[in-house]
Amino acid sequence: MGTITSQVKKFGNNGSMSRGASAVSTRQQQADVELRVLLLGTAGAGKTTVFKQLQMLHKSGFTERHRLLYRHVIYFNVNQIFKELLDGCVQLGIDSSAIQPQIAEITVYLSKMEGKTQTQNLSSSHIVEVMKDLWNSSVLQQCFARRNEIRLLDSCEFFLGELNTIIRMGYSPTTDDILRAYATTIGTDEFVFPFRPGLEARLIDVGGLAIARRQWVNYVNNLAAVFYVCDLSGYCRTVEDDGVEKNSLHHSLAVFKEVEESPLLKKTPFVVLLNKTDLFDTFLSSLPLSTCMPDFEGPNDPFSAEAFIRDHFLAAFSRKSAIYIHSTSAINAQGVEKMIIDTMKVVMKKMKSNQSME
Ligand SMILES: Nc1nc2c(ncn2[C@@H]2O[C@H](COP(=O)(O)OP(=O)(O)OP(=O)(O)O)[C@@H](O)[C@H]2O)c(=O)[nH]1
Ligand SMILES: [Mg+2]
């Protein structure tokens, strides 16, 4: 897996990477006046959602241009959800022949919507009813009940519960809609916000797919902290990574271990965000944690299960004094920013006291 450790091995640690090296040296200069914080984690863990939360708070919401861009992502997501549910039926052996025509109709409609501008008209009332009936059909509900066994966007229930609002002309996504939208990050996104008077923080969001992880090495110099985002609800789900099917939580722990072992990050404090606590709690009520972690002896409540996963992250980290672990649900505005700022303050204080002891 080409993450930071293997990249260091591949290129050596002597600054000889041509494009990467110049990018890093620019960032080193910036680091004198700002704290650089890098968001890492596997694909879909919630990095961009955390990033959006901070961006939104500091820019007083999203601009109309932003909202319009997200409108396309959301139509794409709804389209994808129906396709995934249909694929899920096939995978789970649920007979979906009766709903094929409606799915085809929805796909054609949403593909048109993805490309439409606000002013062009496309009648929606009929298709919304088709979508709602389909979503409430026993075929799709049976499939949804086993959603941990199939590939399905986390925002399925949210978007399909909002069809009346979303599938209409003039739709402008709300902040909640934007936080629920998913487009995998290609490249990076950066955002600067005031950390305290006279000091700014730069939050850097990168992609978590295998191909994007190969670029992480370009962003690791002079970091004040790494925020590693883990999708807790992945304990009962699988992901495909570099063509290999893996348990999502085991995959997240493996990538974490690889990052933690990177010589370039040996002095960087880590903050682990155990994310998607809302989904974790829901899955846990019917699927015990022991299905993925046989060593877990219970009780199977969210508190004990989370503590067990937390211990796995602690065990995977060699510098016990430089790791902080928090639980989050990044779709909920309350608390994400405060948690990040408060944690950063603790990290900074710790770094200062370490430096004065050296
Ligand atoms: N229910 C729920 N959904 C979440 C939470 N955090 C993120 N999501 C959803 O998970 C999906 C993926 O989130 P992103 O933040 O885009 O994931 P990412 O880590 O940036 O993924 P990549 O860019 O592919 O690496 C989005 O649909 C989010 O709305 C959470 O706490 N609860
Ligand atoms: Mg992302």
Side-chain angles (χ1 to χ4, degrees), residues 1 3 37-56 62 66 69-70 72-81 84 144 147-148 151-162 166 173-191 203-216 219 226-237 239-242 248-249 251-252 255-256 259 272-284 302 306 309 326-337 339-340:
M1 215 170 353
T3 58
V37 179
L38 180 62
L39 284 163
L40 296 180
T42 55
K47 300 177 291 299
T48 302
T49 315
V50 170
F51 185 86
K52 283 178 199 166
Q53 289 275 16
L54 272 118
Q55 202 179 27
M56 194 180 75
F62 294 105
H66 239 107
L69 285 174
Y70 273 108
H72 297 282
V73 176
I74 290 165
Y75 288 140
F76 184 79
N77 284 173
V78 175
N79 208 351
Q80 186 179 348
I81 285 168
E84 286 175 336
F144 182 71
R147 67 191 188 276
N148 68 300
R151 200 82 69 232
L152 183 63
L153 286 186
D154 287 332
S155 304
C156 167
E157 202 172 12
F158 177 84
F159 285 141
L160 298 194
E162 299 274 315
I166 295 173
T174 63
T175 297
D176 273 348
D177 297 346
I178 293 175
L179 291 172
R180 298 286 191 148
Y182 180 42
T184 193
T185 304
I186 311 278
T188 54
D189 212 350
E190 303 193 357
F191 164 65
L203 192 63
I204 307 162
D205 180 28
V206 293
L209 288 173
I211 191 167
R213 295 202 304 275
R214 295 187 185 105
Q215 303 304 317
W216 287 2
Y219 299 91
V226 162
F227 275 70
Y228 187 87
V229 186
C230 165
D231 172 0
L232 271 182
S233 71
Y235 83 93
C236 59
R237 302 197 276 183
V239 285
E240 198 187 296
D241 185 67
D242 245 353
S248 170
L249 180 57
H251 174 47
S252 177
V255 172
F256 175 74
V259 170
V272 177
L273 301 183
L274 299 177
N275 190 34
K276 305 196 188 177
T277 50
D278 55 319
L279 286 175
F280 182 61
D281 294 0
T282 307
F283 280 132
L284 211 58
E306 209 180 287
I309 296 171
H326 291 279
S327 306
T328 53
S329 178
I331 45 166
N332 293 324
Q334 294 89 356
V336 172
E337 189 210 17
M339 184 272 297
I340 291 194

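The model shown is predicted, which means the values in this text are computed figures rather than measured ones. Counting convention: from 1, in listed order, for ligands and their atoms alike.
Distances below 4.0 Å separate heavy atoms of Thr49 from the following atoms of ligand 1: 7 (C), 13 (O), 14 (P), 15 (O), 28 (C). The distance from ligand 1 to the heavy atoms of Thr184 drops below 4.0 Å at these ligand atoms: 22 (P), 23 (O), 24 (O). Near Ala181, meaning under 4.0 Å from one of its heavy atoms, ligand 1 places the atoms 26 (C), 27 (O). Short contacts between ligand 1 and Asp154, defined as distances under 4.0 Å to a heavy atom of the residue, involve ligand atoms 10 (O).
Contact annotation: Thr185 places an N, O or S atom under 2.8 Å from the Mg ion (ligand 2). Taking backbone and side chain together, Thr49 holds no N, O or S atom under 2.8 Å from the Mg ion (ligand 2).
The single protein non-hydrogen atom nearest to atom 21 (O) of ligand 1 is Gly44 N, 2.8 Å, given as residue, atom name and distance.
Taking the charged nitrogens against the carboxylate oxygens, Asp242 and Arg214 do have a contact shorter than 4.0 Å, which makes a salt bridge.
Taken from CG in Leu152 to CZ in Phe144, the straight-line distance is 6.5 Å, to the nearest 0.5 Å. Atom CD1 of Ile166 is separated from atom CZ of Phe159 by 5.5 Å, given to the nearest 0.5 angstrom.
The aromatic rings of Phe62 and His66 sit tilted, their planes meeting at an angle between 30° and 60°.
Only the backbone of Leu179 comes within 4.0 Å of ligand 1, counting heavy atoms alone; no side-chain atom from C-beta on gets that close. Residue contacts with ligand 1 for Asp278 involve side-chain atoms from C-beta outward but no N, CA, C or O (heavy atoms, distance under 4.0 Å).
Below 3.5 Å of separation, one finds an N or O of Lys47 facing an N or O of ligand 1.
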